Amino acid sequence: MVHETLPVGMLQCNCSIFGDETTREAMVVDPGDEIDAILQVLAKHGLTVKSIVITHAHIDHIGGAQKLKLATGAPVYMNSADRELQRMMDVQAGWLGMRTPDAVEIDQPAKDGDKLLVGATEVHVLHTPGHTQGSICLWMPSENKLVAGDTLFRDSIGRTDLPGGDERQILRSIHEKLMTLPEETVVVPGHGPNTTIGREKRSNPFLV
Ligand SMILES: [Zn+2]
């Protein structure tokens, strides 16, 4: 499996590109910005985008989705509980003093328990509300990887002071849905460096 992580945009959101080495089919997670750079990585590996997945509707994660959708024709997946937040894109742009990105139409809901595919590799959708109501994580059991969005970071967890945030809920999501995964699972957070489930279980100050 090809996997490249690109920090994109003003807030350096980690955009993940997964590509199947046989079929050359790809999934792009959180194309927040810098779509030209993302397209370059796809071209370098000879990949065709089959799905665009949004872990949650914050502008730094979804901002470039429409541009990538237009460039690739791939459907966009997002959990329906973040639709309201998506409609507040102009408000979110105002928080950061940036221009409102082009709105993207969501093609498919990403519901808890859904299994998406990158080639033959399964990607399990885990609904982990708390940072936002529609936050999801993507678990790839055969790759030992978890794309965590802004739910879990190395030594931290997602903020819950923005609209739709809920601190008790994010802790419940992390304990029930993430800390139950194998300890060696590599966590690719929405911002900052990778970690593992085991490391966070032992030393994340918000969880111990
Ligand atoms: Zn966020």
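Heads up: numbering here begins at 1 and tracks the sequence. Remember, it's a predicted structure, so these values are computed and weren't measured experimentally. All ligand and atom numbering here is 1-based and tracks the order in the structure.
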Are His191 and Asp60 linked by a side-chain donor-acceptor pair shorter than 3.5 Å?
-> yes
Is any NZ, NE, NH1 or NH2 atom of the basic residue among Asp150 and Arg159 found under 4.0 Å from an Asp or Glu carboxylate oxygen of the other?
-> no
Hey, mind stepping through Glu4 and His45 against side chain to side chain donor-acceptor pair (under 3.5 Å) and telling me if it holds?
-> CA-CA 10 Å; Glu4 291 219 25; His45 293 290; 2.6 Å; yes
Evaluate the side-chain proximity of Val76 to Gln108: yes if any heavy-atom separation is below 4.5 Å, no if none is.
-> no
Is any side-chain N of the basic residue among Asp33 and Lys67 closer than 4.0 Å to the acidic one's carboxylate O?
-> no
Among protein atoms, how many N/O/S atoms lie less than 2.8 Å from the Zn ion (ligand 1)?
-> 4
Classify the side-chain pair Thr132/His58 by whether it contains a donor and acceptor separated by less than 3.5 Å.
-> no
